[in-house]
Amino acid sequence: MSFSSNVKEELSKISTLNNKQSVKAELIGYLITNNVNIDERNIKFSTENEYNINRFSKLLSNLGIVNHEIDIQGKIYTVSFRKTYLLEKIEFKNKEIILEDNINKQLEDEICRKSLVRGSFLGGGSINNPENKYHLEVIFSSQENAIYIANILNSYEIECKILNKSHCYSLYSKEGETISNLLAFIGASSSVLKFEEIRVVRDMRNNVNRLVNCETANLNKIINASLKQIDDIKLIKEQNEFKNLSKNLQEIADVRLKNPEASLIELGNMLEVPVREIWC
């Protein structure tokens, strides 16, 4: 099972069904995503996640919408029901739910705002395996709703960006800390712990790799410089000019020939009178 599926499984088991306003807010979250089709008579929600479809069905039943059908075709689960069942509970605008002032008043408390965002993630969200890369996104059918959800998250210092895609809008983040905070906000506590565990290991591995790359680069520089110095010393000896060098240069040249892998600082410490002592 993917990391994204594990998150949705956890969210689908959250016990908030005793709060009718929270249930309604979460259902609205589902319905504003791009996985919902609304026409004049019917509403259909589709997903590949069985936990997700069960959660959606429970939300409907909790609001008294028991006459809904679940259809399975291949890996796709679809819940369909009559639009009229929701008209008394949720207002529509041009076959869509637009989060405007009439809904704002119903989402004033924090529990409902969290439920709304949770529903939108369950309905149209996905998250990559953090071992590979940090990327979370939620797909909405309208720009207004994407902005609305973004503003809720921003009010809790969870900053996401919005991307205009073909016929939909993506609310997304590629920042590990932002994703972790968003998962915590919608109630995925266990997933946050797993995400942070992977994040710490990944960041440590990246730091180690950077240090190794830096050390390798420095070592390559030392080796290249050493090879050039050795070639020059050999050339001087071949031309019988080595005896014309000062004793200090002859000493350090001999030390270099015997220690091709040493850095200049290390060579200085190998001299009869170490360079560091001369500097002191």
Engineer: Which heavy-atom pair separates Lys8 from Tyr51 by the least distance, and what is that distance?
Structural biologist: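 So the minimum-distance heavy-atom pair works out to O-CB, 4.5 Å.
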
Engineer: Show, in sequence, the C-alpha distance, side-chain angles and deciding distance for Arg118 and Glu26, and conclude whether the salt bridge (charged side-chain N to carboxylate O under 4.0 Å, His left out) test is met.
Structural biologist: CA-CA 6 Å; Arg118 179 169 59 249; Glu26 188 172 325; 3.2 Å; yes

Engineer: side-chain contact (heavy atoms from CB on, under 4.5 Å) between Glu266 and Asn259: does it pass, once the steps are laid out?
Structural biologist: CA-CA 9 Å; Glu266 291 170 335; Asn259 301 277; over 6 Å; no

Engineer: Any idea which heavy atoms bring Ile72 and Gly74 closest together, and the distance?
Structural biologist: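 For Ile72 versus Gly74, the nearest heavy atoms are CG2-O, 3.8 Å.
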
Engineer: Tyr30 pairs by side chain to side chain donor-acceptor pair (under 3.5 Å) with which of Thr47, Asn52, Asn35?
Structural biologist: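 Only match with Tyr30 under side chain to side chain donor-acceptor pair (under 3.5 Å): Asn52.
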
Engineer: For Pro130 and Phe3, which heavy atoms make the closest approach, and how far apart are they?
Structural biologist: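 Smallest heavy-atom distance, with atoms named: CD-CG, 3.8 Å.
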
Engineer: Apply side-chain contact (heavy atoms from CB on, under 4.5 Å) to residues Leu136 and Leu182 and explain how you reach the verdict.
Structural biologist: CA-CA 9 Å; Leu136 178 148; Leu182 195 155; 4.0 Å; yes

Engineer: Has Ile70 got more than 12 heavy atoms of other residues, nucleotides or ligands less than 6.0 Å from its CD1?
Structural biologist: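 Atom CD1 in Ile70 is crowded, with more than 12 foreign heavy atoms closer than 6.0 Å.
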
Engineer: Could you give the distance from CG (Asn49) to OG (Ser126), rounded to the nearest 0.5 Å?
Structural biologist: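 It is 12.0 Å, given to the nearest 0.5 Å.
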
Engineer: Is a salt bridge present between Glu238 and Lys234, judged by a nitrogen-to-oxygen distance below 4.0 Å?
Structural biologist: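 Between Lys234 and Glu238 there is no salt bridge, as every charged N stays at least 4.0 Å from the carboxylate O atoms.
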
Engineer: Under 4.5 Å between side-chain heavy atoms, counting indirect links through other Ile/Leu/Val/Met/Phe/Trp/Tyr residues: same cluster for Val79 and Leu11 or not?
Structural biologist: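 Both belong to a single hydrophobic cluster.
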
Engineer: When rounded to the nearest 0.5 angstrom, what distance separates OG in Ser246 from CD1 in Ile252?
Structural biologist: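 It comes to 10.0 Å.
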
Engineer: Over 60° means perpendicular and under 30° means parallel, so classify the ring planes of Phe56 and Phe81, tilted if in between.
Structural biologist: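 Phe81 and Phe56: tilted rings.
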
Engineer: How far apart are the C-alpha atoms of Cys160 and Thr178, what are their side-chain angles, what is the distance that settles it, and do they pass the side-chain contact (heavy atoms from CB on, under 4.5 Å) test?
Structural biologist: CA-CA 8 Å; Cys160 295; Thr178 298; 4.2 Å; yes

Engineer: For Gly125 versus Ser4, what's the shortest heavy-atom pair and its separation?
Structural biologist: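 Minimum heavy-atom separation between Gly125 and Ser4: O-OG, 4.4 Å.
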
Engineer: Taking atom CD as the centre, does Glu175 end up with more than 12 heavy-atom neighbours from other residues, nucleotides or ligands that are less than 6.0 angstrom away?
Structural biologist: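 It does not: Glu175 CD has 12 such atoms or fewer within range.
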
Engineer: How close do Val7 and Ala188 get, counting heavy atoms only, and between which atoms?
Structural biologist: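 Taking Val7 first and Ala188 second, the nearest heavy atoms are CG1-CB, 4.2 Å.
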
Engineer: When you look at NZ of Lys161, are more than 12 heavy atoms from neighbouring residues, nucleotides or ligands closer to it than 6.0 Å?
Structural biologist: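 No, NZ of Lys161 has 12 or fewer neighbouring heavy atoms, counting only those of other groups under 6.0 Å.
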
Engineer: For Thr33 and Ser120, test the side chains for any donor-to-acceptor distance below 3.5 angstrom and give the result as yes or no.
Structural biologist: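 No, because no side-chain N or O of Thr33 sits under 3.5 Å from a partner of the opposite role on Ser120.
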
Engineer: What are the two closest non-hydrogen atoms of Ser46 and Ile76, and how far apart are they?
Structural biologist: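 Smallest interatomic distance, heavy atoms only, reads CB-CG2, 4.1 Å.
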
Engineer: Give the intermediate values and the outcome of side-chain contact (heavy atoms from CB on, under 4.5 Å) for residues Leu59 and Leu63.
Structural biologist: CA-CA 6 Å; Leu59 295 176; Leu63 291 176; 5.7 Å; no

Engineer: Any salt bridge between Asp254 and Lys258, counting N to O under 4.0 Å?
Structural biologist: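 Lys258 and Asp254: not salt-bridged.
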
Engineer: Side chain of Glu10, backbone of Ser190: donor and acceptor closer than 3.5 Å?
Structural biologist: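 Side chain of Glu10 to backbone of Ser190: a pair is present.
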
